[in-house]
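Okay, structure first, notes after.
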There are 2 protein chains.
Amino acid sequence: MATSIIKNRKQQIHHTAKNLFRERGYAATSMRHIAGELGIEAASLYSHIKSKEEILQLICFELAEQFLKSSDELQRKKLPAKELFRQAVTEHISIITQNMDSSVVFLHEWRHLSEPFLSDFKLMRKRYENFYKNILKAGVEEKSFQIKDDKLTLFVIFSAMNGIHEWFTPKGKLQPEEIAEQMVEVFLNGILKK
Amino acid sequence: MATSIIKNRKQQIHHTAKNLFRERGYAATSMRHIAGELGIEAASLYSHIKSKEEILQLICFELAEQFLKSSDELQRKKLPAKELFRQAVTEHISIITQNMDSSVVFLHEWRHLSEPFLSDFKLMRKRYENFYKNILKAGVEEKSFQIKDDKLTLFVIFSAMNGIHEWFTPKGKLQPEEIAEQMVEVFLNGILKK
DNA sequence: CATCCTAACTAACGGTCGTTAGGCAAATAT
DNA sequence: ATATTTGCCTAACGACCGTTAGTTAGGATG
C-alpha cells in the first residue's frame, strides 16, 4: 500500500494552514479560520502546535532546505554550465510545482517571520541565489553564455520561475518537465525567430 | 518653481499607506500604524479618507489605469510586433520603477479588495494581459517570433517585469531604460552565445 | 466681531486577534 | 480494572482592530 492519504492532526493543520496562508496571506488568516476548516475550535490547535508563527517557520524552512539540498546535489555533479543550468531550472520548477501552496507562502510570506528566523531565512535564500549566480558566471567564463548584467539576468530567471504559481495548474496541459524545458529554451535562445 | 514637494494631508496619508502596505502588507498594516507615522491619531485619518480599503482601491486602480492607458496609446501606433514589444516592455518598466511602492501593492495586495472592486480589477488586468498576448500572437503571425506556448511565454515575461521590485533600487547603476533594453534583449535572444 | 470650516483630539463601540487555563470524555497502556 | 494520555471543549485574557461620535482649538471668511 502506498503512503496513506490519511494524515494525523498535526499534518492536517499544516496542510490547511498552507492552503489558507496561500489564499488569504499569513496576516489575514486567523487561527479560528484554520480551526474552522478542520471543524474544531481555535484553542484545540494548541494541542498540536506551538504557535501560529511556528507553522510559518516550518513552511519556510522546509522549502528553503529542499532548494538548498537540490542545489548542493547538482553542484557535486560538476556539469558544464549550460547543462547545469538546465538541470537547476528543472529541479527548481519541480520543487515549486510539487509544493504549490508552500511555495507561494515561502515566496511571499517569509517577511512575517520574527528574528532570528527572518535573518536565517534571508541567509539561506542568499546562498541559493549564489548557486545560480555561479552558474551564470561559470557559463560566461566557459564562453557559453553572453550576459550583460549578472544581477538583472539572475532576477529575470528567478522571477520567471517563481511566478509559476500565477498561472500553473497541475491539471493543465503543461506538465512541470515541459515547463522547465520551454523556460530553459526561452532563457537560452529567446523568442526571436532566427 | 517645480511642483511643490509639500503635500496636503490626504496625499501624505496615501504616501505613507503605500509605503507601509508595501513593507508590511495590507492586512498587517493598521490605521494606527499609518497615523503614527504622521504623528496623529488613527481617528484623525477619517477627516481625510473614507476607509482603509479606499486607500487600497485608489492605489490599485490608479496603477491599473496607467498600465491600460499606456497600452492603448501603444496600440494606436500600429508598429511591427518586435518594435511594439520593445516599447511595451519599456513603458511597463517605466511605470513600475516610477511607482515602486504602489506597484508592489498593486501586484500583491489587490486580493484584499472587496467586491465589486475585486472583479473590476481582475477584468482590467485581463485586458492588459490580452494586450501582451496579442503582441506575441502578432509576432508569430509576422514570423518574427517563435513561441512554443503562448501562456507560458506571456507569464515568463510578466513575471520577469513584475519581479523588478525584488532587486531594483533607483540609486543603483541600472536605470529603467537600460533595464528595459536588457530585458528585451534576454527575451528576444536569450543568454546563449551564438 | 460673529460665523463657519478644518483638522485634530479623546473616548468609546463591537469585534477579532493569538493564546492560556482548566476540565472532561474517550482511547490507550499497564 | 485502573491509570494515564490524548484531543478536544468552554471560558476567558489582554491586546489590538477599523470605525464613529462628539468636541475643541484655531484660522478663514463674512
Side-chain angles (χ1 to χ4, degrees), chain A residues 4-61 105 108-118, chain B residues 4-61 105 108-118:
Chain A
S4 177
I5 292 154
I6 292 141
K7 299 179 190 167
N8 66 29
R9 259 288 137 96
K10 194 170 187 170
Q11 289 172 313
Q12 282 179 28
I13 292 168
H14 283 127
H15 180 82
T16 307
K18 280 174 194 175
N19 195 245
L20 288 175
F21 289 173
R22 176 193 180 173
E23 226 91 281
R24 336 173 102 255
Y26 176 76
T29 302
S30 72
M31 298 306 273
R32 285 163 180 87
H33 259 125
I34 299 170
E37 288 279 307
L38 295 165
I40 61 176
E41 293 299 315
S44 307
L45 295 170
Y46 289 84
S47 300
H48 306 275
I49 56 148
K50 289 229 301 274
S51 66
K52 186 186 178 187
E53 202 196 305
E54 190 205 37
I55 306 176
L56 181 63
Q57 288 162 16
L58 237 85
I59 296 172
C60 290
F61 286 99
V105 177
H108 292 344
E109 308 295 333
W110 56 266
R111 59 178 160 174
H112 295 108
L113 290 169
S114 64
E115 293 293 356
F117 306 99
L118 184 59
Chain B
S4 175
I5 293 153
I6 293 143
K7 299 177 192 169
N8 66 30
R9 259 289 137 97
K10 195 169 186 169
Q11 289 173 312
Q12 281 178 29
I13 292 168
H14 282 126
H15 180 83
T16 307
K18 280 174 194 174
N19 195 245
L20 288 175
F21 288 173
R22 177 194 180 173
E23 226 90 281
R24 334 174 103 256
Y26 176 76
T29 302
S30 71
M31 298 307 272
R32 285 163 179 87
H33 260 124
I34 300 171
E37 287 279 308
L38 295 165
I40 61 176
E41 294 298 317
S44 308
L45 295 171
Y46 289 83
S47 301
H48 307 277
I49 56 148
K50 290 229 300 275
S51 68
K52 186 187 179 187
E53 202 197 305
E54 189 206 36
I55 306 177
L56 181 63
Q57 287 162 16
L58 237 85
I59 296 171
C60 290
F61 286 99
V105 177
H108 291 344
E109 308 295 333
W110 56 265
R111 59 178 161 176
H112 295 108
L113 290 169
S114 63
E115 292 293 355
F117 306 100
L118 184 59

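Note on naming: letters A, B, ... go to the chains in the order of the sequence lines (proteins, then strands), and numbering restarts at 1 for each one.
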Please give, in whole Å, the distance from [N] [atom2] to [X] [atom1]?
X: Glu54(B); N: dT20(D); atom1: CD; atom2: P; answer: 12 Å
X: Ile34(A); N: dC8(D); atom1: CD1; atom2: P; answer: 14 Å
X: Leu38(A); N: dC9(D); atom1: CG; atom2: P; answer: 11 Å
X: Arg24(B); N: dC17(D); atom1: CZ; atom2: P; answer: 9 Å
X: Asn8(B); N: dA8(C); atom1: CG; atom2: P; answer: 11 Å
X: Glu41(A); N: dA11(D); atom1: CD; atom2: P; answer: 10 Å
X: Lys10(B); N: dT6(C); atom1: NZ; atom2: P; answer: 12 Å
X: His48(A); N: dT5(D); atom1: NE2; atom2: P; answer: 17 Å

(request) Evaluate the ring planes of His108(B) and His108(A), with Trp represented by its six-membered ring, and classify them as parallel (under 30°), tilted (30 to 60°) or perpendicular (over 60°). (result)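 Geometry flag for His108(A) against His108(B): tilted rings.
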(request) Answer yes or no: is there a side-chain heavy-atom contact under 4.5 Å between His33(A) and Arg24(A)? (result) yes
(request) Only counting residues at least two apart or in another chain, list the ones meeting side-chain hydrogen bond (donor to acceptor under 3.5 Å, both in side chains) with Arg32(A). (result)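 Partners of Arg32(A) by the side-chain hydrogen bond (donor to acceptor under 3.5 Å, both in side chains) criterion come out as none, since no residue qualifies.
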(request) Tell me whether the OP1 or OP2 atom of dT6(D) has a side-chain N or O from Arg9(A) closer than 4.0 Å. (result)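 Answer no for this pair, as no side-chain N or O of Arg9(A) is under 4.0 Å from OP1 or OP2.
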(request) Go through the steps for Arg9(B) and Ile40(B) under the test side chain to side chain contact (heavy atoms under 4.5 Å, CB included), then give the verdict. (result) CA-CA 11 Å; Arg9(B) 259 289 137 97; Ile40(B) 61 176; 3.4 Å; yes
Grab the N/O contacts between the protein and nucleotides 12-22 of chain C below 3.5 Å, and write none if there aren't any.
from: dC17(C); atom 1: OP1; to: Ser30(A); atom 2: OG; distance (Å): 3.2
from: dG18(C); atom 1: OP1; to: Thr29(A); atom 2: O; distance (Å): 3.3
from: dG18(C); atom 1: OP1; to: Lys52(A); atom 2: NZ; distance (Å): 3.0
from: dG18(C); atom 1: OP2; to: Met31(A); atom 2: N; distance (Å): 2.8
from: dG18(C); atom 1: N7; to: Arg32(A); atom 2: NH1; distance (Å): 2.8
from: dG18(C); atom 1: O6; to: Arg32(A); atom 2: NH2; distance (Å): 3.0
from: dT19(C); atom 1: OP2; to: Tyr46(A); atom 2: OH; distance (Å): 2.4
from: dT19(C); atom 1: OP2; to: Lys52(A); atom 2: N; distance (Å): 2.9
from: dT19(C); atom 1: O5'; to: Tyr46(A); atom 2: OH; distance (Å): 3.2

(message) Could you check whether atom NE2 of His15(A) has more than 12 heavy atoms from other residues, nucleotides or ligands sitting under 6.0 Å from it?
(response) no
(message) If I take atom NZ from residue Lys52(A) and atom OH from residue Tyr26(A), how far apart are they, to the nearest 0.5 angstrom?
(response)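 Between atom NZ of Lys52(A) and atom OH of Tyr26(A) there are 5.0 Å.
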